[in-house]
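Report on the structure given below.
Just the heavy atoms: all of them, side chains too, but no hydrogens, waters or symmetry mates, feed the values below. Everything quoted here is computed from the prediction, not taken from an experiment.
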Amino acid sequence: MSRKRHRLVPETFGLKRRRERGPVEEHPLRGESGSARAAVAELVQLFPRGLFEDALPPIALRSQVYSLVPDRTVADRQLFFLYLEKNSPILANKISLLKSVQSVAEHLMLTPFFSLPSLWRQKELQEQGEIKIIQLGFDLDAHGIIFTEDYRTRVLKACDGRSYAAAVQKFLASVLPACGDLSFQQDQMTQTFGFRDPEITQLVNAGVLTVRDAGSWWLAVPGAGRFIKYFVKGRQAVLGMVRKAKYRELLLSELLGRRAPAAVRLGLAYHVHDLIGAQLVDCVSTTSGTLLRLPET
């Protein structure tokens, strides 16, 4: 009898939330180093750049990282420090830093392990992160992970020659290096960073910001809507492949060896990492290899 696991999946995918399960079996896709940084680097290599004409920065999902770093506390902790470390100064004072730490912790659902004093001992958090984390929108738990330099390069390319190019360049030069938040407030944008309302509208039109609610915006990636559409359809399609198999289970090697359905535009391996990390399938070790099985409903 398979043990149950809590899964990061909305009800719209037709699956009910389940209780947390214990350790899972090893599988071939799992990384050996246990490093979130190495996991993200490996996952972005699976991102089909050509599908988007190299206009999007390679995106990995937090759920995919869990497929390679199974200890979620460790994975979140490492992603947290990747978010805050390296490159240029992150914030001007400790008050702003505290707000940033609380904001990131809130969205990443970090454990109480991260007390402010311990964070200050970790190089005092004076530097910007190597990665950016964005809310993908189809699920509150769906976070995309992008290397900061990739984000900056693709955004500059996307806005080149456009009417909103000056506003985007101002955002990349002033807000991105100085603010570690996943979302931004009206007073923060206008008073702290000196953006006028028309400039904020230009950032929304450029796809750098998306509306969260009245007076606040999520950090976004221009053109990410097509990626999200492909991702949601692909996830459903790969789940369907397992669901249609005998006993609702399929060997991982057999699944990866099959021809991908037309709806799977991002590649089977890309989606399998998500299914495993999001706990939409159970991994069972057998003499024939790793078996992917749909949890009992």
Do [X] and [Y] have side-chain heavy atoms sitting under 4.5 Å apart?
X    : Y    : answer
L56  : F47  : yes
V155 : L172 : yes
L291 : L250 : no
L203 : V168 : yes
V221 : P57  : yes
I134 : L182 : no
L68  : Q64  : no
D71  : Y66  : no

Between atom [atom1] of [X] and atom [atom2] of [Y], what is the distance when rounded to the nearest 0.5 Å?
X    : Y    : atom1 : atom2 : answer
L156 : D160 : CG    : CG    : 8.5 Å
I145 : E130 : CD1   : CD    : 11.5 Å
Q185 : T190 : CD    : OG1   : 10.5 Å
D150 : R152 : CG    : CZ    : 11.0 Å
E149 : I131 : CD    : CD1   : 14.5 Å
S288 : L252 : OG    : CG    : 12.5 Å

Heavy-atom closest contact ([X] atom, [Y] atom, distance):
X    : Y    : value
A158 : P222 : CB-CB, 4.2 Å
W218 : S183 : CE3-CB, 3.8 Å
Y270 : I59  : OH-O, 2.5 Å
G289 : L251 : O-CD2, 3.9 Å
L294 : L280 : CD2-O, 3.8 Å
V44  : P58  : CB-CB, 3.7 Å

Fit a plane to each ring of F171 and F195, take the angle between them on a 0 to 90° scale, and name the class: parallel (under 30°), tilted (30 to 60°) or perpendicular (over 60°).
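F171 and F195: perpendicular rings.
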With sequence neighbours excluded, what pairs up with E199 under the salt bridge (Lys or Arg N to Asp or Glu O under 4.0 Å) test?
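With neighbours one apart ignored, the set is K170, R196.
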How about F184 and F193: are their ring centres within less than 6.0 Å of each other?
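Not under 6.0 Å, so no.
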Using ring centroids (six-membered ring only for Trp), state whether H271 and F231 fall under 6.0 Å.
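Between F231 and H271, the centre distance is under 6.0 Å.
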Is there a donor-acceptor pair closer than 3.5 Å between any side-chain N or O of [X] and the backbone N or O of [Y]?
X    : Y    : result
S67  : S63  : no
Q135 : G137 : yes
S216 : R212 : no

May I ask you to say whether K244 pairs ionically with E249, meaning some side-chain N is under 4.0 Å from a carboxylate O?
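No salt bridge links K244 with E249.
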Can D76 and R62 be counted as an ion pair, charged N to O under 4.0 angstrom?
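Yes, D76 and R62 are salt-bridged.
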Salt bridge (Lys or Arg N to Asp or Glu O under 4.0 Å) for R154 and D54? Distances and angles first, verdict last.
CA-CA 8 Å; R154 296 316 192 283; D54 207 29; 3.1 Å; yes
Other residues, nucleotides and ligands only: do more than 12 of their heavy atoms fall within 6.0 Å of CZ on R258?
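Atom CZ in R258 is packed in, count exceeds 12.
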Applying salt bridge (Lys or Arg N to Asp or Glu O under 4.0 Å), run through R226 and E53 and close with a yes or a no.
CA-CA 12 Å; R226 189 153 65 108; E53 297 81 38; 3.3 Å; yes
For a side-chain contact (heavy atoms from CB on, under 4.5 Å) check, start with the C-alpha distance between V208 and Y164, then their side-chain angles and the critical distance, and finish with the verdict.
CA-CA 11 Å; V208 173; Y164 44 67; over 6 Å; no
List the atom pairs, donor and acceptor, that lie under 3.5 Å between side-chain atoms in residues 259-266 and the rest of the protein, sequence neighbours left out.
none

Walk me through it: do I146 and I133 pass the test side-chain contact (heavy atoms from CB on, under 4.5 Å)?
CA-CA 6 Å; I146 305 169; I133 300 176; over 6 Å; no
Do L51 and F227 pass the side-chain contact (heavy atoms from CB on, under 4.5 Å) test, and can you show the C-alpha distance, the side-chain angles, and the key distance before you say yes or no?
CA-CA 9 Å; L51 181 63; F227 163 76; over 6 Å; no
With respect to L61, which candidate in L136, D141, L43 satisfies the side-chain contact (heavy atoms from CB on, under 4.5 Å) definition?
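So, applying the side-chain contact (heavy atoms from CB on, under 4.5 Å) to L61 and each of L136, D141, L43, only L136 qualifies.
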How far apart are the C-alpha atoms of L255 and L292, what are their side-chain angles, what is the distance that settles it, and do they pass the side-chain contact (heavy atoms from CB on, under 4.5 Å) test?
CA-CA 9 Å; L255 175 60; L292 301 183; 3.7 Å; yes
